[in-house]
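One structure is given here, and the rest of the page talks about it.
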Amino acid sequence: MKAKKILFITQEIIPYVPESAMSVAGREIPQSVQDSGREIRTFMPRWGIINERRNQLHEVIRLSGMNIIIDDTDHPLIIKVASIQAARMQVYFIDNDDYFHKRQMMKDENGEEYEDNAERAIFYARGVLETVKKLRWCPDVIHCHGWMSAIAPLYIKTAYKDDPPFANAKVVFSAYDEMPANHPGANFGNCLHFRDVNDELLQGTGIDLTSPEALGQLAVHFSDGIIQGSAGASETLLQLAQSKNIPTLACPDGKVSGEYYNNFYDLVSGEEE
């Protein structure tokens, strides 16, 4: 068993947000993997719908305080933490007043997608990776869930590839049946720029960054394994993964077990027996 440390970059976790296929997976997969004997760290966005008092979130001052620059604009990074006692699981929350405070998840209270969803995903990805660096914790596998985590594989494999926590990490992306329908915005490419993530690198992927499918395609392009997180997950993304000979795992149909995911983690780590 090589993959002993698993980092979960998750979009939703119950009880912090309403129950869905993704929020149930966000809670049960890390717990099950931890119960199987592997060490975990778990992150999610601090969505505006989360009741901080009821869920006992508190800021971690030593991890907060840096600014993340996106398209020449500074965005303060705030890190909060809470515990799910029944699961013996600690959850780190990525927060920022502009991107999350008093705001819903993908859509606003009127059911309209936020125009800056792609920027929010960029901030979330970089916020998680910067925090993991501060924790000085080196995961063997990084499991990303949902559209909000879709930028993380790009940065792990490029901008952060030489940082010790990520130099040897394998990346797995779980695709669900919920992806933004709107295009990321004309300035999406510029917003992605960071370190060696530039126009040349992005153009080399062959991905149309103005397409609504760009987030999912970026996640697949830079991942070592793809999981069908729900039965309605994009067939296009799964076919893209298969065309690139990226290992894929079929939808578990609601069955969550540490063994099911641990075997896949070992597969992408090159440790399958």
Report the C-alpha separation of Ile14 and Glu28 in whole Å, then their side-chain angles, then the decisive distance to 0.1 Å, and conclude whether the side-chain contact (heavy atoms from CB on, under 4.5 Å) test is met. CA-CA 9 Å; Ile14 54 170; Glu28 293 186 353; 5.9 Å; no

Any side-chain heavy-atom pair from [X] and [Y] closer than 4.5 angstrom?
X: Asp97; Y: Pro76; result: no
X: Ile226; Y: Leu249; result: no
X: Lys134; Y: Ile79; result: no
X: Ile122; Y: Phe188; result: yes
X: Gln11; Y: Tyr176; result: no
X: Leu135; Y: Arg62; result: yes
X: Tyr261; Y: Val172; result: no
X: Glu213; Y: Asp208; result: no

Joint cluster assignment, [X] & [Y], ILVMFWY side-chain distance < 4.5 Å:
X: Leu237; Y: Ile151; result: no
X: Met22; Y: Tyr260; result: no
X: Ile13; Y: Val81; result: yes
X: Phe173; Y: Met44; result: no
X: Ile246; Y: Ile142; result: no

State the [atom1]-[atom2] distance between [X] and [Y], to the nearest 0.5 angstrom.
X: Gln56; Y: Ile84; atom1: CD; atom2: CD1; value: 12.0 Å
X: Lys5; Y: Arg38; atom1: NZ; atom2: CZ; value: 13.5 Å
X: Asn182; Y: Lys107; atom1: CG; atom2: NZ; value: 9.0 Å
X: His183; Y: Glu115; atom1: NE2; atom2: CD; value: 8.5 Å
X: Thr205; Y: Leu218; atom1: OG1; atom2: CG; value: 6.0 Å
X: Ser230; Y: Gln228; atom1: OG; atom2: CD; value: 7.0 Å

Ignoring hydrogens and angles, tell me if any N or O in the side chain of [X] forms a donor-acceptor pair with the backbone of [Y] under 3.5 Å.
X: Ser243; Y: Leu240; result: yes
X: Arg120; Y: Met106; result: no
X: Thr158; Y: Leu154; result: yes
X: Gln31; Y: Ala87; result: no

Of the non-hydrogen atoms in [X] and [Y], which two are nearest, and what is the gap between them?
X: Pro18; Y: Ser23; result: O-OG, 3.0 Å
X: Asp108; Y: Tyr114; result: CA-OH, 3.4 Å
X: Leu201; Y: Asn198; result: N-OD1, 2.9 Å
X: Arg27; Y: Pro15; result: NH1-CD, 4.5 Å
X: Val132; Y: Pro165; result: CG1-CB, 4.1 Å
X: Pro45; Y: Thr10; result: CD-O, 3.4 Å

Are there over 12 heavy-atom neighbours, none belonging to Glu109, within less than 6.0 Å of that residue's CD?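 Result for CD/Glu109: enclosed.
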
All side chain to side chain donor-acceptor pair (under 3.5 Å) counterparts of [X], not counting sequence neighbours:
X: Ser64; result: Glu59
X: Asn67; result: none
X: Asp116; result: Arg103
X: Lys161; result: Asp196

Are Glu12 and Ser20 linked by a side-chain donor-acceptor pair shorter than 3.5 Å?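 Yes.
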
Can Asp71 and Asn187 be counted as having a side-chain donor-acceptor contact under 3.5 angstrom?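 Yes.
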
Qualifying residues under salt bridge (Lys or Arg N to Asp or Glu O under 4.0 Å), relative to [X], sequence neighbours excluded:
X: Arg46; result: Glu52, Asp95
X: Glu130; result: Lys133
X: Asp224; result: Lys157
X: Arg88; result: Asp35

Output all residues satisfying ring-ring contact (aromatic ring centres under 6.0 Å, His included) with Phe166, sequence neighbours left out; order by chain, then residue number.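 With sequence neighbours excluded, Phe166 shows a ring-ring contact (aromatic ring centres under 6.0 Å, His included) to Tyr160, given in chain and number order.
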
Could you name each residue pair satisfying side chain to side chain donor-acceptor pair (under 3.5 Å) that touches residues 162-175, not counting sequence neighbours?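 As it turns out, the side chain to side chain donor-acceptor pair (under 3.5 Å) pairs with a partner in residues 162-175, which skip direct neighbours, are His143-Ser174, Asp163-Arg195.
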
Which is it for Tyr265 and Asp140 under the side-chain contact (heavy atoms from CB on, under 4.5 Å) test, yes or no, and what are the steps along the way? CA-CA 9 Å; Tyr265 299 152; Asp140 300 305; over 6 Å; no

Please collect all ring pair (Phe, Tyr, Trp, His ring centres under 6.0 Å) contacts where either partner lies in residues 197-227, sequence neighbours excluded, each pair once.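 Residue pairs with at least one partner in residues 197-227: there are none.
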
Would you list the pairs meeting ring pair (Phe, Tyr, Trp, His ring centres under 6.0 Å) in which at least one residue belongs to residues 81-113, sequence neighbours left out?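 Passing the test, one end in residues 81-113: Tyr16-Phe93, Phe43-Tyr92, Trp47-Phe100, His75-Tyr99, Tyr99-Phe123.
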
Could you give me the CA-CA distance, side-chain angles and deciding distance for Leu63 and Leu77, then say whether side-chain contact (heavy atoms from CB on, under 4.5 Å) is met? CA-CA 9 Å; Leu63 297 176; Leu77 173 63; over 6 Å; no

Derivation and outcome, side-chain contact (heavy atoms from CB on, under 4.5 Å), residues Gln203 and Leu209: CA-CA 9 Å; Gln203 290 168 6; Leu209 296 180; over 6 Å; no

